[in-house]
Amino acid sequence: MKNIKSIKTIKLLAVLFMSSIAFVSCSSDDDDHDNHDHEEELITTVKYTLTNGVDFVTLEFQDLDGEGGADGTYDISGPLTANTTYTGTIQLLNETESPADNITLEVQEEGDEHEFFYTPSISDITITKDDSDVDGNPIGILTTLTTGNAGTGSLTIELIHEPTKPNDGTSANAGGSTDVQVTFAVEVQ
Amino acid sequence: MKRLIICLVIAISSFSYSQNCNYIFLGEIKDFHDGTPIESATVHIIESDKYLISDFDGKFKIENLCTGTLTLTISHIGCETKTVSYTIENDVFKVISLEHHLEELNEVVVSSHLKTEGTSIEQSLNKADLEKYTDKSLGDALNSVSGVSSLNTGNTIVKPMIHGLHSSRLLIINNNVRMFDQEWGDEHAPNIDINASNKVEVIKGANTLKYGSDAIGGLILIQPKRYVAQDSLFGSTMLSLNSNGRGGNINSELIKTYKSGFYGRIQTSYKQFGDFKAPDYYLTNSGLKNLNASARVGYRTFEKGFDAYYSVVSNEFAILQASHIGNVGDLVAAINSREPRVIEDFSYTIDYPKQNILHHLAKIEAYKRFKNLGKLTVQYDMQINRRKEFDLRRGDLADTPVIDLRLFTNSLQSNLLIDYIENLKLDAGVLVRYQQNDAVSGTGVSPLIPDFDKYDASVYLIGNYDLNDSSEISAGARYDYTRIEAEKRYNLTDWNDTYNYDELFPQFETNDIDNSKILTRPEFTFHNISANLGYSKQFNNDLSLFVNYGLATRVPNPSELFSDGLHHSAARIETGLLTLNKEVANKFAVSFEHNNQDFGFSISPYFKSINDYIQLIPVGITTTIRGAFPVWEYNQINAQIFGVDIDINKKITNRFNYKGNLSLLKGDNLSEDIPLIHMPSTNFTNSISYYNNELNQLSISLTHKTVLQQNKYPDYNFYTFDPVLQEDVYVDISSTPAAYSLLSFNSTVSFKAFKTGSLKLELNIENLFNTNYNEYLNRQRYFSEELGRNINLKIKINY
């Protein structure tokens, strides 16, 4: 009787350990052990291109090594012209990939969960959003920017993830969490 | 003399060879350990149903035996009763060893005041205490012990904290297996189903060397039940329902024991909660789902035995949606608005952000006792912890975790307990351990904790010596060898400029550089010595004194060395440092206890001086594409913590009892002459209970807990420019929340059910007045308030 019991126990133990081995092997299914996991999903570049049909002005922020590391750099191609209407397009890129990954497309696809906000410190600048998501609310990839009199100041561009939609047009009241926030020094002359 | 008697007996019996029923059995009963004869043991002869008593030399004689089987049951006060069987064909002389040591038979003696370690300062939670927390976590259950608090991420991820210290400064020993699953960050809670355990002990100051050198905070011992060797089948099912979170827990266990010493137990529990509710709003995305199972088989006799244990814990925790923020501006908005950013209606859905954790634990342990020596135990254990943390992500990566780690731990250890010398007990042991962390690829994010291999080897020797009947002294020493080999990519600018690692650690560099990142292979070796000295003394009048000194050494863990990246839910960038050294702590603890039926108290002051204490503190701001982020960096300072835990219980009348406890603590950063960050504030609990055995064991209790505001905190607040508002904003990340008081109600009643079973009903109300409050030690205190009122009903059936 005792022998039978111990055989049973051994069997049970064997089953236990087999199953734990099975668990171990199961959990390794998605592991390719390449140890080269550095294809990161980053937004490295924000590029705001403005044109009045003749001239182009680009505002670009680039931080190729992501958070931490070297600081990002701003590149502003030139001043804006006073009392002019520009068509604006924003682009988010991941330039650590080759060719660069256009993240704007993802934002557009999930337009109802995203919105760009443009906050100029110069009161004469007005920006309107020219595109809309499935619910008819603005996304802000396509914009119209109108300048007034000459002046200097800044333009802050934000991408908010899961904002309240519709909102009052300011990022402060839209809730959500910030995916992008860059501030360009702008000059209108 | 003995031989002469035997010869004589044999000689006599040979004369009467022709007779069949004239054999003689001579027995000698000895203590298993030291061979001393056991006097006055009762010998029951089963076949003839007669009783004998052993003489002064432990001997007894049975005459006129016939050919056949002789079965004897030998019992003695304080010994394990033993049944032996012999075939009688001749005269026989046998030595029968009995076990004369009580401490191995705790379950038979059953005492709530029995300490695991004689000279340690410890408190325990028994099965009944644990059942109150069946649908909560280990951290919640321990929170009721004085001196123990918890570090929370929301209300479901709860890390226990002893005397203000947590994570890798606490050893959590589950079924004699050291848990490796909660060390790499504040939001990594231990994956333990408290329903699988029978008793939890908190060892605040003491004999922890057997388990590790790094118990600077203390030790949490989770103990299984020992079963009495008898043929039995029993079990229990417990159902718990809660109004807050609209969920609950169901736990079932079934136990089979055999007279031979074999036993088996299976247990499983399932828990589910939806969104919890603060007094005024739902905490959107705060639910959880747990599925746990454990199985245990073993064989246990005094001389030898084994125990095999396997458990799996599968946890899915939602992380408060409002705590996912993008940058420091969002953090300021969260701090300043008194409500969470996202408030929706109740839901069971667990959305992103969330954590998925699967933890396997398997162990097999075997022991054998050797005469005139002691007990040798060998154990192998294995753990796999797979942790996936999901964040709010865009596009194709929405369902891909940002953190995906697999930690595999393997240990082989043996312990030799030498207990044959009177008054002296020695424990000697060796341990080897191999640990591998795999930062599973495919997350699209550089891993917060990199791939690493960790090797440990340890030896220890602990001695316990009884000075006299009332006092005991213990001393021990341990040596640990640790080697960490990691593989990690660093930003070239960080490696070369920010941290100057290219000059400090050129040997870690490889030539693999691409995309402005450098592949490095950091390797570290540590040698640690730790030691312990304890003394206990029992006075008359139920007074006892415990004094303890400990030297503990902790190697920086991989998160402290290598962390590098954004912690989304905390909106902070955490950076580890390769230059970190080991932490060395000197701990002194004293406990003065009084225990009797009517009045008991314990006063336990302690002092810890920790050199090179590793802490994570905010150091500044960095600009990213998301805007400004606070950077939290590890640094090392000299710290000291001192405090006192006081426990009181008083019997007011036969029916009414009072219990109270108070914890005072002060932690200082001596290097900078400021308080330590994240130290629990002064808190005290008063509880009054009514118990009536005649009214179906009715028990009613009211508990009042007060947590004062922590006034001693380091001020790491700062200003940052908000480009949208075009002004400087104040980031108040340090100020502590106000004091709060909570009242809770607990009642239980038991009924007899079926023939042998029982039915227990329990009704609890937590946060009775639906008080609004925030807790300093909750990482999500910026984003929401703590839970409001909860009504809880439990039904337990024993069968």
Side-chain angles (χ1 to χ4, degrees), chain A residues 2 5-6 9 12-13 16-17 19-20 23-24 27-28 30-44 46 61 63-72 96 103 106-107 109-110 113-114 117 119 121 154 156 158 160-162 170-172 175-183, chain B residues 258 260 262 264 295 297 299 308 310 312 324-327 329-330 333 341-342 358 360 362 364 382 384 386 392-397 406 438-447 451 487 489 491-494 498 515-517 564-566 573 575 622-627 629 723-726:
Chain A
K2 197 171 171 182
K5 268 176 201 161
S6 54
T9 316
L12 197 59
L13 267 179
L16 265 175
F17 276 87
S19 54
S20 71
F23 273 119
V24 178
S27 52
S28 59
D30 47 354
D31 183 19
D32 49 352
H33 281 289
D34 64 359
N35 288 326
H36 282 271
D37 193 15
H38 53 288
E39 70 295 345
E40 293 180 43
E41 195 240 8
L42 280 177
I43 302 173
T44 61
V46 178
F61 174 86
D63 184 6
L64 288 175
D65 63 2
E67 285 120 8
D71 283 341
T96 60
I103 295 166
E106 289 177 6
V107 174
E109 265 172 45
E110 297 171 2
E113 290 174 15
H114 291 97
F117 291 88
T119 316
S121 70
S154 67
T156 300
E158 289 168 285
I160 307 287
H161 196 180
E162 302 204 330
T170 66
S171 64
S177 66
T178 311
D179 271 1
V180 168
Q181 186 188 70
V182 289
T183 303
Chain B
Y258 297 93
S260 57
F262 278 99
V297 286
Y299 168 73
Y310 173 77
V312 57
H324 177 94
I325 53 174
N327 63 16
D330 294 354
R341 181 170 58 75
V342 183
L358 190 62
H360 298 278
I364 180 148
M382 179 204 73
I384 301 165
R386 180 74 182 261
L392 282 170
R393 299 179 88 176
R394 229 187 345 270
D396 301 339
L397 287 163
R406 189 175 62 228
D438 185 4
V440 181
S441 52
T443 59
V445 175
S446 40
D451 288 349
E487 186 171 273
R489 270 169 212 283
N491 258 325
L492 257 181
T493 37
D494 282 343
T498 319
N515 265 344
S516 72
K517 290 204 170 186
D564 183 7
L566 181 64
I573 288 170
T575 314
T622 183
T623 306
T624 74
I625 204 155
R626 290 162 178 259
F629 265 98
V724 179
L725 301 173
Q726 290 286 306

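Each chain gets a letter, A, B and so on, in the order its sequence line appears, and its residues count up from 1.
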So, the part of Thr44(A) with a heavy atom under 4.5 Å from chain B: the answer is backbone
Of all heavy-atom pairs linking Lys517(B) and Ser446(B), the shortest is NZ-OG, 3.8 Å
Given Ile160(A), Val107(A), Thr119(A), Asp179(A), the one with more heavy-atom pairs under 4.5 angstrom with chain B than any other is Asp179(A)
Problem set entry | Donor-acceptor pair, side chain of Arg386(B) and main chain of His360(B), under 3.5 angstrom | no
The interface call for Glu110(A) against chain B, heavy-atom contacts under 4.5 Å, is side chain
If one checks every heavy atom of Thr156(A) against chain B at 4.5 Å, the contacting part turns out to be side chain
Okay, Thr624(B) and chain A: the region with an atom under 4.5 Å from a heavy atom over there is both
Honestly, the part of Glu158(A) sitting under 4.5 Å from a heavy atom of chain B is side chain
### Message
Has Asn327(B) got a side-chain atom pairing as donor or acceptor with Asp330(B)'s backbone, closer than 3.5 angstrom?
### Response
yes
Taking every heavy atom of Phe61(A) against every heavy atom of Gly72(A), the minimum-distance pair comes out as CZ-CA, 3.7 Å
For the side chain of Thr178(A) and the backbone of Arg626(B), is there at least one donor-acceptor N/O pair under 3.5 Å apart?
no
